[in-house]
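Sequence lines set the chain letters: A, B, ... in the order given, protein chains first and strands last, and positions in each chain run from 1.
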Amino acid sequence: MNARDDKRTMDELVREAREGWVPPKPGADAQDVAEQKLFAQIDAHEKLPRIGSGLGVAADRRFWGSVAAITAVAAAALLLSRSSSTPVAEIDGAQPTAPSPVESPRPAAPAELASVAHGGEVRVDGVGVVAHEKTLHDGQTVEARGDAVFTAAERVSWLLENGTDVGVVRSGAHGAAIVLALRVGAVEAEVVPVPGGEAFAVDVDGVRVAVHGTHLRVARAQRDGTHVVVDLSEGVISVGTPPKSGSTVGEFLINAPAHVEFSVADLAGTFHVDHDAASVRTPVDPVGLIARQSADETPAPPVASPTPLAAAAASPPPPPAPAAMGPRTPTAPAPKPGPAEVILAAVHHCADTTLGPPGSGALTISSTLTVDANPDGTTRLTSFDPPVHPDLQQCVAQVAYGLRWSEGGAHRIPIELHR
Amino acid sequence: MLRHEGATNPFVDALIAFPAAALGARSPIRMSDARPLDEADLIAKAAAGDRAAFRVLYSRHREAVSRLVYRMLGGTRDLDDVVQEVFFQVYKSLKDFRGQSKFSTWLHRVTVNVVLMHRRSARSRPTYADEPQADITPDDDAVAPDADADRRARIRAFGRIVERLAEKKRVVFILHELEGVSPAEIAQIVGAPVLTVRTRLFYARREIEAMLGDEPVLAALRGTLTSSDASSDPPDGSEP
């Protein structure tokens, strides 16, 4: 053996590896699933970019700040045009909502009991626990005798409804996904999307409902029953077999709004989805519930704001949440600006921020923005005809991609701006 | 620019007009960096939030990214998740791509960074007793023809050896020897001087050559090549 032999061997091996050391060719279905998951992750990121770091946070903050300003302008315009006496507080609920950006992301903390309904009790491994004094660990069992809210800082807040029993499969330590095994009752969660894809999941007898963001409720119809009901009011979930590691490769990837029912005994054969928003159970804000439960207690202990959502929920006063259990009546719909009105306001706002404020020079924009919406109402494509300044296009498009339209297809919005 | 579902979409048309085989025809190994269609335009549109343009970029580069991730991970475990994360990072960072380097170079850089982050986080992640160990390559000899079995065994052994390299040397070795990236581009990707890249390559090759004897199938290949040399050499020992 000599150096020349080694080199020849190496060259031959490299040649073989170039051709043969490649991943197995995925099937068309697998490619579709992968693509769906990627774009679901992007959707979730764009809807609620609440966490991040460095420049990303700054950019997200600017973006959501813009959306908030635009929404407010549009809401004000709508109010004036309709001469409505609707309180401003209701208009603040207009979509798209602008989440509070994280000022400085804290290290991921394990989940802990944040609040329990007055007179209720939470038992962990059979022992009664007190709010803020119990963090969860893998393998524990949790019984909620009264509505109980748990939080994992800046990531997930979830409500265990009265009478719910769960096992803690993974407690979310070190920033990992939180996984609960639902034995009886219902779990309702508000989940901040994470770059890794899944922040929270609920297992029901070998079927995993994994949450990409942002709001869902999973309930078992009865003790030891196989029937499961999922209400997804925001975001995306995947439903499938729990993986050994990584994200759930769901047999089903579901976008909100969705009311899902299936039997764990025959997932594929019984899976049913209804995307009618009217069929989706009215969501409960777990963090809002903390504020209400805390207000019920006397004397009221100081309630830490475990998540940015908590701060948002605590001030201004949260809207009254429907009862956690039992039939829920939809809240009265608040008048809110339509997507077209939001976009028109966005044009003015974006023109100010990208092309200069009024008074900085004459400006005339005459164009038509066409928004192509997917069947579910999300924005698929935007285009200006004729094109306008790229920065303005980008600014308006960012807003448009966060909107939901009442129906799919093309929506044309004439843009006229003179100043 | 706007297209309805079912109507003509220029980006979809572009995919049809330039199928993957044609796009990859210039080099079956490297991530493509000179597409016949206006990639710069696609990048600009995608950076501006155009989903259709991003979808085309994704379709074009998915296979190449998947291959690089697979080689860097040393198997299929977490492959889909990491590839998804690469494109998610691309989507988020595309607006920061200034075109100062080739898109393929930038994409390599994103991919390498995501894989390295993943490997580091995986090292600190607790493993479960029933969790399968990393699969260097899928063992599908059972269905492979005999003629192919030896080659697959060699590739698996080669993968195991590459996996034993230190991280920095493994990255440059894979990028250069398997992906066909030039040392100058690798220098941009890993943020090191070209000379350092060449040094890492030199030592990576030397270490792999030294490890060939650890894998019987690779040692056998070396023996085969040597004996075929000997049999083809002229009797007088002069160079052919």
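From Phe88(B), atom CZ reaches atom CG of Leu38(A) across 8.5 Å, with rounding to the nearest 0.5 Å. Between Thr379(A) atom OG1 and Arg51(B) atom CZ the span is 9.0 Å, to the nearest 0.5 Å. Taking CG of Leu13(A) as the start and CD1 of Ile208(B) as the end, the distance is 9.0 Å to the nearest 0.5 Å. Rounded to the nearest 0.5 Å, atoms CD (Gln84(B)) and CD (Gln36(A)) are 11.0 Å apart. Between Glu19(A) atom CD and Leu178(B) atom CG the span is 11.5 Å, to the nearest 0.5 Å. Atom OG1 in Thr9(A) sits 6.5 Å away from atom CG in Leu212(B) (nearest 0.5 Å).
Side-chain contact between Asp81(B) and Lys37(A): present, with at least one pair of heavy atoms (C-beta onward) separated by less than 4.5 Å. Counting heavy atoms from C-beta on, the side chains of Glu35(A) and Arg55(B) come closer than 4.5 Å. For the pair Asp50(B)/Leu381(A), a side-chain contact is recorded, criterion being any heavy-atom separation below 4.5 Å from C-beta on.
Remark: Tyr203(B) OH is loosely packed, at most 12 non-hydrogen atoms of other residues, nucleotides or ligands lying under 6.0 Å away.
If you run salt bridge (Lys or Arg N to Asp or Glu O under 4.0 Å) between Glu16(A) and each of Arg154(B), Arg156(B), Arg151(B), only Arg154(B) comes through.
When heavy atoms are compared at a cutoff of 4.5 Å, Val69(B) does not approach chain A at all. When heavy atoms are compared at a cutoff of 4.5 Å, Phe87(B) approaches chain A by way of both its backbone and its side chain.
Side-chain atoms of Arg71(B) come within 3.5 Å of backbone atoms of Trp21(A) as a donor-acceptor pair (strictly under, hydrogens ignored).
Contact check on Asp11(A) versus Arg205(B) returns a salt bridge, with a Lys/Arg side-chain nitrogen under 4.0 Å from an Asp/Glu carboxylate oxygen. Residues Arg18(A) and Glu179(B) are not paired through a salt bridge, judged by the lack of any N-O separation under 4.0 Å between the basic side chain and the carboxylate. For the pair Lys7(A) and Glu209(B), the salt-bridge criterion is not met [side-chain N within less than 4.0 Å of a carboxylate O].
For Phe54(B), the ring pair (Phe, Tyr, Trp, His ring centres under 6.0 Å) partners are Phe39(A), Tyr91(B), not counting sequence neighbours.
Chain A forms the most heavy-atom pairs under 4.5 Å with one residue out of Ala210(B), Ala47(B), Ala44(B), Ala48(B), and that residue is Ala48(B).
Looking at every heavy atom in both residues, Glu177(B) comes nearest to Val14(A) through O-CG1, 3.5 Å.
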